[in-house]
Amino acid sequence: MEAVAFVHAQLTANKEFPKFKAGDNVTVNYKIIEGNKERIQSFKGDVLKRQGTAHTQTFTVRKMSDGVGVERCFPLYSPNIESIVLNKSGRVRRAKLFYLRERQGKSARIKEKKQIHATAKK
């Protein structure tokens, strides 16, 4: 039985993703399959929401493309997600940021969370 569990663990690689939440700016590198070709496409934008639990967890990313808002929903544990890169950590006060859909320009910006770095005193 342990051999079966070992082989299963080897075949289903657990990918490590950074901790991110709504308001963070992320780049999702997604595997696109067109016919017999395979390429990686990046989608950079703000996370609007995270929902679900365990392996049914999804997150929605919104970006502006030529003045048009584009949203895409990704399953977190999809085998097609190559990597997720956390660009900026946003300072927001709610879990779902649907109000950003009606906003444009400066009012659609999300403030960046300040990181406090502890330094050792001598």
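The basis for the numbers below is simple: all heavy atoms, side chains too, and nothing from hydrogens, waters or symmetry mates.
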Q) Can R91 and E112 be said to form a salt bridge (charged side-chain N to carboxylate O under 4.0 Å, His left out), step by step? A) CA-CA 6 Å; R91 196 183 94 206; E112 189 172 358; over 6 Å; no
[X] and [Y]: which non-hydrogen atoms are nearest, and at how many Å?
X	Y	answer
C73	T58	SG-CB, 3.9 Å
V70	F43	O-CZ, 3.9 Å
A22	A95	CB-O, 3.1 Å
F59	L76	CE2-CD1, 3.7 Å
K19	L86	O-CD2, 3.9 Å

**Q.** K44 side chain reached by N87 side chain, heavy atoms, under 4.5 Å
**A.**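 Yes, side chains in contact.
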Q. Is it true that E71 and K63 make a salt bridge, defined as a side-chain N closer than 4.0 Å to a carboxylate O?
A.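 Result for this pair is no, no salt bridge flagged.
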Look at the side chain of [X] and the backbone N and O of [Y], then say whether any donor-acceptor pair between them is shorter than 3.5 Å.
X	Y	result
S78	P75	no
R50	F20	yes
K113	D24	no

Between [X] and [Y], is there shared hydrophobic-cluster membership here, with clusters defined by ILVMFWY side-chain heavy atoms closer than 4.5 Å?
X	Y	result
V85	I81	no
V47	V92	no
I32	F74	yes

Q) Quick one: is the NZ or CZ of R72 closer than 6.0 Å to the six-membered ring centre of Y30, and within 45° of its axis? A)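 Geometry flag: set, cation within 6.0 Å and 45°.
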